[in-house]
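In this chain, numbering begins with 1 at the start of the sequence shown.
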Amino acid sequence: MQLSIVIPLYNEAESLPELSAWIVSVMQNRGIDYEILYVDDGSTDDSWKILSDLCRQNPAIRALRFSKNFGKSQALHAGFKRTRGQWVATMDADLQDNPEELPALLELMRSEGYDLVSGWKRKRYDNLITKNIPSKLFNWAARKTSKIQLHDFNCGLKMYRSEVVKALDIKGEMHRYIPVLAASAGYNRIGEKEVAHQARKYGTTKFGPERFLNGMLDLMTVHFVSRFGRSPMHFFGAFGVLMFIFGFGGAFYMGIDKLFFNTTARLITDRPVFYLALSAMIIGTQLFLAGFIGELIIRNEGSKERYTIAETLNSSTDS
Ligand code: UDP
Ligand code: MG
């Protein structure tokens, strides 16, 4: 099997037949050995019924359904675990991404030996205020913190070497920064290709304005985790110890001063330095503990599934 196409979807019933037919025709024309893996992220419309029909008609189409809406990252995670192809592509289900781009992406992966190639929707057909401008800002911030020179981190259309998706553990809302996660896992041969983009034909966007704030917070998490995730003590511990030393030094100085030099002066507790020293020692201890607990946690965490699958189709050989 050459290419697995993972497609997360949430209430995209109208688009599915058209999308499937389009992908199948592109794959057949190019003679690519493919599978399509739909991940129904708890749709409440007819999506699953339509997927059942598609799976019955074409054994190259597989599908699984979540018991409820767990989010795009979880859907990708479930899809990635089940791919059988040598290469893995992802695309959105809403017909905004163009399947005709897939052969060219595959060609680029092969000829350049990339770990992943990300699409770049240079000309975008989305709302300017709620999508395009915030997205430019995100991408700028992501480039600055990750040093990965991509224009469009969150493009739904991407292609990977199989090994890369098997190694990635995408959770929460981290699908926005997959290239950053991949690079921090050591898969840093990352390419970019301009891709065609269409306006949404059916249905509406599943991500509201809150994507802006969430995206920024996730970016901070990704940045922080990739720098200190393997050694939280190096961050918290360092700050904690510094603060404690600062506080202890202050308290020590006041003690010596009171005992030997200014014995008749005001009470230690009347001096502002006392409160500074006290807070610094308490906060320092807390930070140190946070680092220590972080170290204990990373020694215990496995890669857990954070979703429940209700049904699967055409997947008898699932691992
Ligand atoms: N999606 C999903 N789970 C969700 C939200 C979205 O699987 O909770 C899918 C959605 O059906 C689509 C893709 O993720 O296939 C991108 O979503 P959308 O088109 O709404 O995002 P936009 O293009 O507006 O950024
Ligand atoms: Mg879309």
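- Between the side chain of Asp92 and the main chain of Gly156, no donor-acceptor pair closer than 3.5 Å is present.
- Residues Phe224 and Phe235 place their aromatic rings such that the two centres sit under 6.0 Å apart.
- A donor-acceptor pair shorter than 3.5 Å can be found between the side chains of Lys166 and Thr83.
- Donor-acceptor pairing under 3.5 Å is lacking for the side chains of Gln86 and Ser162.
- With 3.5 Å as the limit, one finds no donor-acceptor pair spanning the side chains of Asp126 and Asn132.
- Checked by atom type and distance alone, the side chain of Lys206 pairs as donor or acceptor with a backbone atom of Thr204 at under 3.5 Å.
- Between Ile309 atom CD1 and Asp40 atom CG the span is 11.5 Å, to the nearest 0.5 Å.
- One N or O on the side chain of Asp115 and one on the backbone of Arg189 form a donor-acceptor pair closer than 3.5 Å.
- When all heavy atoms of Pro179 and Ile190 are compared, the pair lying nearest together is O-CD1, 3.6 Å.
- Using a distance-only test at 3.5 Å, with no hydrogens or angles considered, a donor-acceptor pair links the side chain of Asn314 to the main chain of Cys55.
- The backbone N or O of Met1 lies less than 3.5 Å from no partner atom in the side chain of Glu35, so there is not a single donor-acceptor pair.
- Residues Asn11 and Ser43 approach most closely at N-OG, 2.7 Å, considering heavy atoms.
- Under a hydrophobic clustering in which Ile, Leu, Val, Met, Phe, Trp and Tyr are joined whenever their side-chain heavy atoms come within less than 4.5 Å, directly or via other members, Met27 and Leu105 fall into the same cluster.
- Between the side chains of Ser20 and Tyr38, a donor-acceptor pair is found at a separation under 3.5 Å.
- Using a 4.0 Å cut-off between charged side-chain N and carboxylate O, Glu12 and Arg200 make a salt bridge.
- Between Phe70 and Tyr307, the ring planes are perpendicular. Angles over 60° get that label, and only those under 30° would be called parallel.
- Separating the CD atom in Glu295 from the CG atom in Asn300 is a distance of 12.0 Å, to the nearest 0.5 Å.
- Residues Met91 and Pro99 have side chains in contact (heavy-atom distance under 4.5 Å, counting atoms from C-beta outward).
- A side-chain donor from one of Arg124 and Ser135 sits under 3.5 Å from a side-chain acceptor of the other.
- Across every non-hydrogen atom of Gly284 and Met243, the tightest pair is CA-CB, 3.8 Å.
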Quiz prompt | Residue pair Leu54, Gln57: steps toward the side-chain contact (heavy atoms from CB on, under 4.5 Å) verdict | solution = CA-CA 5 Å; Leu54 292 170; Gln57 290 153 19; 4.2 Å; yes

